[in-house]
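For reference, the structure is listed below as structure tokens.
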Number of protein chains: 2
Amino acid sequence: MLLIMLELKDLPTTGVLHKFAERYPDADITAVSSFLHLLRVATDLSIALDTCLSKHGLLQGRWWVLILLMREDSHTSTPSVLASKAGVTRATMTGLIDGLEQGGLVERVFTKNDRRSVLIHLTDAGQAKLDTVMPDYYQRLRLCMKGLNEAQRIQLEQMLDLINAGIPALTNPK
Amino acid sequence: MLLIMLELKDLPTTGVLHKFAERYPDADITAVSSFLHLLRVATDLSIALDTCLSKHGLLQGRWWVLILLMREDSHTSTPSVLASKAGVTRATMTGLIDGLEQGGLVERVFTKNDRRSVLIHLTDAGQAKLDTVMPDYYQRLRLCMKGLNEAQRIQLEQMLDLINAGIPALTNPK
DNA sequence: GCATTATAGTTAGGAAGCTAACTATGTCAA
DNA sequence: TTGACATAGTTAGCTTCCTAACTATAATGC
């Protein structure tokens, strides 16, 4: 996954939030605070993940493609399906696959059934790359999350689901 | 703020996670699950925020600059300070200011004290733009977050802080 | 006082997303 | 069966971030 955002080094203090709330009475101070807090931690996490992956010569988008392929029993999928699962456009997936193919981590296999389509196959080198990256990633992630016990992790996911349910309010036509 | 990431439409099921955990025994399944959940919700939030702002002709980076300026009593700052507070490079800030200046929302004011430096000032049009955008943003955000009560919001921030404290584990040289 | 170093801002070029348009192939219905 | 439409993948061009190098100005130390 790939995540970029202004890092918000400078989250508003409650003082600043109150000042804004005076001018804009609709402001819900704790809502804003939690929202920005969430975005900032997520962004910092994503940047850290990038750092971790780049040590293995991988970019987030490509790493995610490798994982999606490994999930398949056949270690094979198509660009369209991968794009849909990864949440990027087919155009972007073309670029990701280009990079992976150049590195020998996946290969394009042309099929006879539907000549519009291409199969993307995880190579042995691709699997080997995952076998190097994933233990490092899992080990680090375990440490990163060790501050939360099981109950807290469940709570966190529940709260995230509640926020997720509210997202349409941000985009609705009004 | 600006946030992009592969959207992870397809979070791993617990089945998939267990399959991976077999091959990679270091995997901490609930840690991975919470981590990906957090990144996905944050990304979707950021994309929704983008959508909301783009209705007002603003991009996230530029919006954040306007807010940082409004926080100042003088409605004035410098590119360096703004870059630092926003967590972007000075080069990026130059681009953001260029865009805002073209739209008449900020102006560059050359100072005599330090002739290397430029003051960036929020114009009346810039303030007016905020006065249009912010009430809409606050109203929508209130709705978005209404699923969480005050206690839950505090809990959420505490858990985010715990995760934040673990981030160095993702990047440490090993 | 003057050479060195630091700082402010900008410019140039690269990465990785996106949309829109294009080619080739497949599907379906009159 | 053939004309209209749908789908798979790619290409081209845009965006906005980044790093690195550059110019101009200020600060520091011999």
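The sequence lines fix the lettering, A, B, ..., with proteins before strands; numbering per chain opens at 1.
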[X] [atom1] - [N] [atom2] separation (whole Å):
{"X": "A/Arg90", "N": "C/dA24", "atom1": "CZ", "atom2": "P", "value": "16 Å"}
{"X": "A/Arg108", "N": "D/dA8", "atom1": "CZ", "atom2": "P", "value": "16 Å"}
{"X": "B/Asp50", "N": "D/dT16", "atom1": "CG", "atom2": "P", "value": "10 Å"}
{"X": "B/Trp64", "N": "D/dC17", "atom1": "CH2", "atom2": "P", "value": "14 Å"}
{"X": "A/Leu96", "N": "D/dT11", "atom1": "CG", "atom2": "C1'", "value": "16 Å"}
{"X": "A/Met93", "N": "D/dT10", "atom1": "CE", "atom2": "P", "value": "11 Å"}
{"X": "A/Asp98", "N": "D/dG9", "atom1": "CG", "atom2": "P", "value": "13 Å"}

**Fill in**
Residues at least two apart in sequence or cross-chain that pass side-chain hydrogen bond (donor to acceptor under 3.5 Å, both in side chains) with B/Thr89, listed by chain then number, are B/Thr92
**Request:** Using a cut-off of strictly less than 4.0 Å, decide whether A/Ser80 has a side-chain nitrogen or oxygen near OP1 or OP2 of D/dG9.
**Result:** yes
**Message:** Can you classify the ring geometry of B/Tyr137 versus B/Trp63 as parallel (below 30°), tilted (30 to 60°) or perpendicular (above 60°)?
**Reply:** perpendicular
**Fill in**
Under a 4.0 Å heavy-atom cutoff, the residues of residues 109-118 of chain A touching DNA chain C are A/Asn113, A/Asp114, A/Arg115, A/Arg116
How would you list, by chain and number, every residue that makes a side chain to side chain contact (heavy atoms under 4.5 Å, CB included) with [X], sequence neighbours excluded?
{"X": "B/Ala165", "answer": "none"}
{"X": "B/Gln158", "answer": "B/Ile154"}
{"X": "B/Thr132", "answer": "B/His56"}

**Prompt:** With clusters built from Ile, Leu, Val, Met, Phe, Trp and Tyr whose side-chain heavy atoms come within less than 4.5 Å, directly or transitively, what are the remaining members of the cluster of B/Leu119, listed by chain and number?
**Reply:** B/Val109
**Prompt:** When you measure from the side chain of A/Thr94, which nucleotide among D/dG9, D/dT16, C/dT19 comes out closest?
**Reply:** D/dG9
**Request:** Looking at every strand, decide which applies to A/Thr89 at a 4.0 Å heavy-atom threshold: base, sugar-phosphate, or nothing.
**Result:** base
